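This report refers to the structure that appears directly beneath it.
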Amino acid sequence: VAGHFHAQAVVVGGGPVGMLTAAELARYGVSTLVLESRERVSERPKANTLHARTVQCLVRRGYLPPPGHSAGPVTGAFHFAGQPGLPITAPCNEPAPVLKRPQAELERLFEERARAAGVRVLRGHRVLEVRQEPDLVRVSAAGPDGPVTCTADYLVGADGVRSLVREQGGIGSEVHPATATALAGSVRLADPDALRPGWHPTARGWIVATALPDGSRYLRTLSAERGPSPSRLPPTVEELSAEASWIAGREIAMGEPRWLSRFSDFSRLALTFRSGRILLAGDAAHTQFPIGGQGLGTGLLDAVNLGWKLALTVRGQAGAGLLDSYDLERRPAARRVVDNTRAQLALMRPDPALDPVRALFADLMAAAAEGGYLGGLISAQDTVLAARTADPSPWEGRFLSNLGLATAEGATDVVRLLAQGRPLLLLLGEPGERYREQARGWAEILHVVRAAPVPDLPCEALLVRPDGYIAWAPGAGGLPQALAAYFGGCAGPGAPEGALARTLS
Ligand SMILES: Cc1cc2nc3c(=O)[nH]c(=O)nc-3n(C[C@H](O)[C@H](O)[C@H](O)COP(=O)(O)OP(=O)(O)OC[C@H]3O[C@@H](n4cnc5c(N)ncnc54)[C@H](O)[C@@H]3O)c2cc1C
């Protein structure tokens, strides 16, 4: 494809975060173009773990199947800094808290959904230049059939750790240089018993081995003692073998590498996730040492936070500051991930002086009911968003768990009611009815549902965002003020019935 395109939104980078963002935008009726330099999804093993809050949001947005009803909370086992024994618990009626799913599989799913929703995906197109003007963004790319230019109202940079969008958008970063050497690769061990699948801490570092279906091993090595590797060259199998042997303190011979790569504990947090018409998401906005399975999940949470906000903005249906709330909500979340991965790496240093600290952490994990602070941190289930309304109720900013609800149409739950993608105004019992009238001006945006009162939810009404967080509950601040903050002024009784409702589905 060569030539010129215009779209309401252009997404640079069609990795998992870019494809999910594009799918979200298109599902809300925004014309969206993705420019991705790779011809196809990379099959290299990368992320394999998604944590509870990411899974819960993907379920609410319909990318993962809705959970069955459970009698009680569900607990999964995880680790902190490579130390096993961290329980992570998800509330009743939510999916299991730790989902194992190869990144490539998720990438294919998001791309399929994006294409099905009408996104134009241009693979094999490398973006070379991004320029922001007062009313639009201009993009130039090199494609297999020649140059491509594109204009858009907004641009999302989901182009990974070396983001050209971030650089050319003039967005600075807070950076923590690498302190450790890490290698990864899929290889065949001369003696498969030389490294059994699992985590291998030694006096010099760590080796993590995963068995692959063809009998080979996916290895990652971490050596924190020797500082960062000065080499920028692709690693060789000899280098990986020497590194693993040095860490293990014995010869680990290997061959037949399928692929090899270097990574490190370099971390970066963009100083802002929004600069005018340019937004950053995923590794382009934040990157850190891949410990604890949080990088991809954090990026996917960016996408589900950004999608509906940017869609409403493009459609002129957003309250002042709604799009800015993307940065205000997601940057602190990404900072916590950058900080906790740095803390985990510090705990993984072989220095014997750290042994008592490690023992203390092991005790804290064992003592913490349902995962405690660390479980909430790693799974992002402790996220409470900053309030957006004046005089907020204590519910505002909290995630609404998947409560069962009884409506006139029958039994349902929060996940199913959010499936339309529209903000949900939940009226609980007769006292909730008075809020129906107050919300009438926003009827075309909202999904209004009356349900029987729920003992676990001592509220008359709740306004729930499409990503599952509570936007408002009765308190000092009124519902119309909250609706205006999120969705702009009242559309009024003369507004075209159902126009936005149709696209918000
Ligand atoms: C060894 C390893 C293990 C990991 N394990 C986990 C885990 O278990 N759980 C977890 O949550 N995370 C994990 N991560 C992190 C996770 O893989 C990343 O956070 C994730 O890939 C980020 O997705 P992204 O879409 O933001 O960026 P990427 O996946 O990097 O996608 C960016 C895309 O942009 C494209 N692109 C770049 N520049 C341009 C350009 N100029 N023009 C057009 N296209 C461009 C690239 O081709 C790429 O497809 C791991 C990472 C590594 C390295």
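Just so you know, ligand 1 is whichever comes first in the structure, and atom 1 is the first atom listed for that ligand. This structure is a prediction, so every number in the text was calculated from the model and none was measured. All values below were derived from every heavy atom in this structure, side-chain atoms included, with hydrogens, water molecules and symmetry-related copies excluded.
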Closest approach of Met365 to Pro84 (non-hydrogen atoms, all atoms of both residues): CE-O, 3.9 Å
His176 and Ser267 side chains, donor-acceptor separation under 3.5 Å: no
Residue pair Gln381, Gln56: steps toward the side chain to side chain contact (heavy atoms under 4.5 Å, CB included) verdict: CA-CA 9 Å; Gln381 289 184 107; Gln56 291 157 7; 2.9 Å; yes
Partners passing side chain to side chain donor-acceptor pair (under 3.5 Å) against Arg40 (at least two apart in sequence or in another chain): none
Sole residue of Leu222, Leu260, Leu240 in side-chain contact (heavy atoms from CB on, under 4.5 Å) with Leu183: Leu240
Closest non-hydrogen atom pair between Leu296 and Pro16, with its separation: CD1-CG, 3.4 Å
Contact residues of ligand 1 (heavy atom under 4.0 Å), by chain and number: Gly13, Gly15, Pro16, Val17, Leu35, Glu36, Ser37, Arg38, Lys46, Ala47, Asn48, Thr49, Gln103, His125, Arg126, Val127, Ala158, Asp159, Gly160, Tyr218, Gly282, Asp283, Pro290, Gly293, Gln294, Gly295, Leu296, Gly297
